[in-house]
Amino acid sequence: NAAPGSETRRAQASEALLLRIFGAAVARSHRPSQGPTQMNNAICVFCSSSDAVDPPYFHAATRLGELIATAKRPLVYGGGNIGLMGAIARTVHKHGGHVVGVIPYALRAKELAYTASDELILTKDLRERKAIMFERASAFIALPGGFGTLEEMIEVLTLKQLGIHDKALVFLNIEGFYDPLVTMFEHFFEHRFAKPISRDLYRVATTPEDAMHYIDTYQPAPISQKWY
C-alpha cells in the first residue's frame with residue numbers, strides 16, 4: 001500500500017511539472033475531481049481542416065458528430081469552419097449538440113473560425129489552444145488529419161504514457177488511414193523504444209460507432225511505467 005500522503009505528493013509533483021511545461025490550463029486539468037457534479041463528459045476531436053480530402057472522411061466526421069450530439073456530450077475541437085473540422089461542428093449543431101471551438105487569434109483573423117460555436121475560445125497560440133482542449137475534454141478522438149492532428153494526438157498519448165492523465169484515446173482509422181502509423185507504433189515495440197503494453201493506452205477504431213462505444217464503456221486501467 002502507498003504511504004499516507006504519497007498520492008497527494010505525486011499529484012502535486014505532476015501538477016508542478018505540467019505547470020512548467022504546458023501552463024496553468026493543463027495543470028488544472030490534472031487535479032482530481034471533487035465529485036460527480038464536476039465530471040466533464042466532453043469529447044475532443046482532432047481532425048483535418050482540408051476541404052480536399054475524399055468523401056469517406058467527411059462521412060465519418062458527420063457520423064461521429066451525430067453520435068456525439070445524440071449522446072449529449074459536448075464537442076471540443078479546434079474551432080475551424082473548414083474541412084472535417086467544419087463538418088463535425090455543423091453536424092453536432094444540426095443534431096442539437098453543444099460545440100466548443102478553441103482557435104488561435106491568428107486563425108480567427110483569417111476568418112477560418114466556426115463563429116456559430118456555442119463557445120468560441122480565442123488563444124494566443126497553438127500551445128494554449130492544446131492546453132485548453134486538454135482541460136475541457138474527458139476523451140480524445142483523432143479523425144484522419146495532417147501534421148497538426150498527428151501532433152495533437154501524439155501529445156495527449158505521450159502525457160498518458162507518462163501517467164499525467166488516464167483519459168480515453170481513439171484513433172479513428174477510416175479507410176485504413178492510420179495503418180502506417182499503427183505499423184510505426186509496432187516498430188517502436190519491436191525495437192524496444194516503447195513497451196508493448198503501451199498498446200493499452202489507445203484504441204484503433206474502424207467506425208465512429210466503435211470509437212463511441214469504446215469511450216462510453218472506458219474504464220481507466222493502471223498505467224505501467226514507460227521505462228524499461
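Heavy-atom basis, side chains included; hydrogens, waters and symmetry copies ignored.
Applying the side chain to side chain donor-acceptor pair (under 3.5 Å) criterion to K160, with sequence neighbours excluded, gives Y218. D200 is linked by a salt bridge (Lys or Arg N to Asp or Glu O under 4.0 Å) to nothing, counting only residues two or more places apart in sequence or in another chain.
Using a 4.5 Å cut-off on side-chain heavy atoms (C-beta onward), R136 and I132 make contact. Proximity of I223 to L201: side-chain heavy atoms (C-beta onward) are separated by under 4.5 Å at one or more points. With a 4.5 Å cut-off on side-chain heavy atoms, I141 and L169 do not count as touching.
Remark: R129 CZ to Y77 OH distance equals 9.5 Å, nearest 0.5 Å.
Ion pairing between K130 and E155 holds under the 4.0 Å rule for side-chain N and carboxylate O.
Figure legend: cation-pi geometry between K110 and Y105 absent, as NZ or CZ is not positioned both under 6.0 Å from the six-membered ring centre and within 45° of its axis.
For Y202 and F185, the ring centers are positioned less than 6.0 Å apart. Between F134 and H165, the ring centre distance stays below 6.0 Å.
Counted within 6.0 Å of CZ on F189, heavy atoms from surrounding residues, nucleotides or ligands total more than 12; the atom is thus considered enclosed.
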Let me have the donor-acceptor pairs involving side chains of residues 43-59, under 3.5 Å, with sequence neighbours excluded, atom names and distances please.
| residue | atom | partner | partner atom | Å |
| --- | --- | --- | --- | --- |
| S48 | OG | S50 | N | 2.9 |
| S50 | OG | A52 | N | 3.0 |
| D51 | OD1 | G83 | N | 2.7 |

Would you tabulate the side-chain donor-acceptor contacts of residues 89-103 under 3.5 Å, counting partners in other chains and residues two or more places apart, or write 'none'?
| residue | atom | partner | partner atom | Å |
| --- | --- | --- | --- | --- |
| R90 | NH1 | N81 | O | 3.2 |
| T91 | OG1 | A87 | O | 2.7 |
| H93 | ND1 | Y114 | OH | 2.7 |
| H93 | NE2 | D118 | OD2 | 2.7 |
| H98 | NE2 | E119 | OE2 | 2.9 |

Residues 66-76, side-chain donor-acceptor partners within the protein, below 3.5 Å, at least two apart:
| residue | atom | partner | partner atom | Å |
| --- | --- | --- | --- | --- |
| E66 | OE1 | R63 | NH1 | 3.2 |
| E66 | OE2 | R63 | NH1 | 3.4 |
| T70 | OG1 | E66 | O | 3.0 |
| T70 | OG1 | L67 | O | 3.2 |
| R73 | NE | D216 | OD1 | 3.4 |
| R73 | NH1 | N41 | O | 2.9 |
| R73 | NH2 | D216 | OD1 | 3.4 |

(request) Walk me through it: do I154 and T158 pass the test side chain to side chain contact (heavy atoms under 4.5 Å, CB included)? (result) CA-CA 6 Å; I154 293 298; T158 302; 3.9 Å; yes
(request) Begin from the C-alpha positions of L162 and Q225 and carry the test side chain to side chain contact (heavy atoms under 4.5 Å, CB included) through to its verdict. (result) CA-CA 7 Å; L162 292 171; Q225 179 174 292; over 6 Å; no
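The hydrophobic cluster containing I197, built from Ile/Leu/Val/Met/Phe/Trp/Tyr side-chain heavy atoms closer than 4.5 Å, comprises no other residue.
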